[in-house]
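Single-structure report; data block below.
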Amino acid sequence: MSATSSAPSDGAAKPVHNFLRAIIERELAEGVYGQRQWGGSPGDAAHHAAGAADPAPVRLRFPPEPNGYLHVGHAKSICLNFGLARDFGGVCHLRFDDTNPEKEEQEYVDAIVEMVRWLGWDWTAQVAGQAVEHKYYASNYFDVMYRAAEHLIERGLAYVDEQTPEQMRANRGDFTTPGTDSPFRGRTPAENLARFREMRDGVHADGAMVLRAKIDMAAPNINLRDPAIYRIRRAHHHNTGDRWCIYPMYTFAHPIEDALENITHSICTLEFEDQRPFYDWLLARLGEGGLINTPPPKQHEFGRLNLSYVVTSKRKLKALVDEGIVSGWDDPRMPTLAGMRRRGYPAAAVRKFAEDTGASKTNAWIEYSVLEGCVRAELDGSAARAMAVIHPVRLKLTNWAELFGADHLEPCEAPAHPHHPELGTRRFSLGPEVWVEADDYADVPPKGFFRLFPGNKVRLKYGMVIECTGAEKDADGRVTAVLATVVPDTKSGTPGADAVKVKGVITWVGVHDGQPAELRLFDRLFTEAQPDAGDRDFRDVLNPLSRQIVTGYVEPSVMQAAADVRFQFERHGYFVTDRLDHRAGQPVINRVCGLKDSFGGK
Ligand code: ATP
Ligand code: MG
């Protein structure tokens with residue numbers, strides 16, 4: 001029986017080995033989780049005991065808190081968890097870690113579902129011919145969490161503490177000083193149970209008391225000095241409404257969520273390393289008590305992904321949106337998955353990036369150029385080629401009428417992709433006037449400039465050789481049109497076309513068949529590689545040129561393209577028709593990235 005989640009198979013490439021794979025391989029060989037049963041859905045020990053052998057050799061989870069949009073760091077975690085599940089024939093759950101009622105919203109839940117799917121992953125598994133959706137909400141486990149809390153109280157392993165937050169903080173001690181027992185620590189289980197039920201029943205004010213695990217106030221690891229596990233908070237919850245006025249703390253809730261879902265490997269980022277002893281303590285106690293399936297899941301930490309030139313803190317991303325610095329969560333400059341999608345990054349490139357950057361035990365800074373390199377590699381093989389002029393100036397071919405007749409249009413063609421003849425050819429035509437890049441012309445050529453200047457010959461790509469004769473200018477001396485003459489018998493693809501040698505080849509778009517297009521030229525949002533380093537306010541290092549909107553011209557093959565189609569504009573880089581604003585005939589096009597690295601990578 002297979003329980004494999006469907007997932008993209010990115011070629012036959014061997015997965016990059018990492019320490020997590022090594023752990024899973026060893027545990028599978030040892031059969032650590034081989035005896036566990038699965039009740040068909042998450043649940044406590046009794047629920048799973050009623051099920052059959054767990055069909056999934058490994059269960060992982062991606063557990064976002066629905067309090068913001070997913071970003072490139074999450075992509076790393078998603079690909080790691082779903083990728084390990086795929087590679088070991090297991091499943092990966094999508095779990096909304098929604099135990100904190102205050103900041104969570106349905107909007108975020110929906111956006112997370114959409115973006116995990118966009119990245120190519122699926123939490124639906126085929127079990128015995130049935131599709132099972134492994135999409136779960138931690139808030140559905142509040143009842144079991146509550147029972148677990150009462151269980152600890154009954155065993156003398158938890159107590160209600162009525163110290164003020166200040167007293168609690170002072171009595172916690174620090175790295176060099178052991179903590180001091182709370183005066184409420186010696187209460188009997190019966191007293192604690194009564195008090196805890198009062199907390200649940202709304203008898204006490206928010207913050208008046210908390211439930212704490214009773215472990216060791218002198219533990220060297222401060223996280224074991226009787227951590228708070230339940231607090232009073234009258235807040236409306238997006239899933240459970242007003243049913244609860246007490247909510248579990250994250251450190252208590254998360255291990256239980258993992259256990260109820262039969263997770264085998266609970267992978268998280270390094271900052272949770274110090275929490276692992278409590279994770280193990282709690283699940284060992286609940287396992288002994290027969291509440292959860294055993295053996296319990298284990299937590300493994302890996303290094304966070306930090307990407308240069310971006311911020312990935314949800315709080316800071318939210319500030320960028322709320323303060324109108326960007327146009328929304330999906331602004332193409334945002335490192336959110338929604339932003340990267342709109343920017344035109346292919347999902348496969350983001351997956352490749354996550355895979356290539358591996359999993360390690362240190363928080364690494366990765367150069368943005370590595371991500372762009374993955375995008376470029378993916379697009380080079382797939383994006384259709386086209387010509388576009390971004391900063392246009394008119395070029396007049398002054399002998400056109402004489403050579404061909406004023407109305408003549410010369411048909412031209414070019415491959416849609418140089419390595420994919422099956423993609424066919426694109427057609428356009430050369431006429432008496434074409435758009436060229438303004439900076440392809442110079443009155444006096446700088447050193448090494450082989451493009452348009454009086455007396456120089458260049459080829460109009462896929463067209464003819466022309467000789468520049470000068471320019472028309474306005475009263476302020478600005479060039480209003482470049483002038484040139486066609487060199488006869490030089491049409492690309494005709495015999496003898498190469499008889500005239502030129503050093504420069506110019507891209508162009510015909511004035512008669514080109515289409516004006518809104519081109520959104522994006523660049524990095526920040527001017528500093530670590531925008532929020534130290535105490536710096538990331539707002540102080542915004543790049544004023546991170547978005548420039550210009551009207552350029554595109555060749556006919558681009559005009560009729562659907563939304564979200566990628567092109568390589570020859571000489572300029574990769575572009576995508578905007579998934580929201582583009583219409584056939586009214587192109588709105590985003591720059592994905594240049595043809596070469598501009599981030600200083602190798
Ligand atoms: P918050 O500050 O809201 O806790 P978070 O980034 O931890 O933000 P979660 O929704 O809790 O957000 O994250 C879901 C999962 O993604 C977690 O397992 C977390 O460890 C992982 N994750 C988040 N950021 C990164 C990152 N930069 N690199 C790798 N994994 C990450
Ligand atoms: Mg978190």
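Nothing here was measured: the structure is a model prediction, and the numbers come from that model. First listed ligand is number 1; within each ligand, the first listed atom is number 1.
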N or O pair under 3.5 Å between [X] and ligand 1:
{"X": "Thr312", "value": "no"}
{"X": "Glu271", "value": "no"}
{"X": "Leu305", "value": "yes"}

Is it true that [X] lies under 4.0 Å from ligand 1, counting heavy atoms only?
{"X": "Arg315", "result": "no"}
{"X": "Asn67", "result": "yes"}
{"X": "Phe302", "result": "yes"}

To the nearest 0.5 Å, what is the distance between NZ (Lys76) and CD (Glu355)? 8.5 Å

Ligand 1 versus Lys314: contacting region, heavy-atom distance under 4.0 Å: side chain

I need the contact type for Phe272 against ligand 1. Using non-hydrogen atoms and a strict under-4.0 Å cut-off, is it side chain, backbone, both or neither? neither

Do the non-hydrogen side-chain atoms of [X] and [Y] ever get within less than 4.5 Å of each other?
{"X": "Phe353", "Y": "Val72", "answer": "yes"}
{"X": "Met334", "Y": "Val321", "answer": "yes"}
{"X": "Val311", "Y": "Phe526", "answer": "yes"}

For [X], take its heavy atoms, then give the atoms of ligand 1 lying under 4.0 Å from any of them.
{"X": "Gly73", "result": "25 (C), 26 (C), 27 (N), 28 (N), 29 (C), 30 (N), 31 (C)"}
{"X": "Pro64", "result": "10 (O), 14 (C)"}
{"X": "Thr269", "result": "20 (O), 29 (C), 30 (N), 31 (C)"}
{"X": "Phe62", "result": "14 (C), 15 (C), 16 (O)"}

Does the cation-pi check pass for Arg59 over Trp38, that is, NZ or CZ under 6.0 Å from the six-membered ring centre and within 45° of its axis? yes

Could you tell me if Arg524 sits above the aromatic ring of Tyr309, with its cationic atom closer than 6.0 Å to the ring centre and no more than 45 degrees from the axis? yes

Do Phe196 and Tyr230 have their ring centres less than 6.0 Å from each other? yes

Between Asp532 and Lys316, does at least one N-O distance fall below 4.0 Å, as a salt bridge requires? yes

Which is closest to atom 11 (O) of ligand 1 in terms of heavy atoms, Lys318, Arg61, Arg95, Glu65? Glu65

Over all atoms of both residues, closest heavy-atom pair of Arg234 and Cys245: CG-CB, 3.9 Å

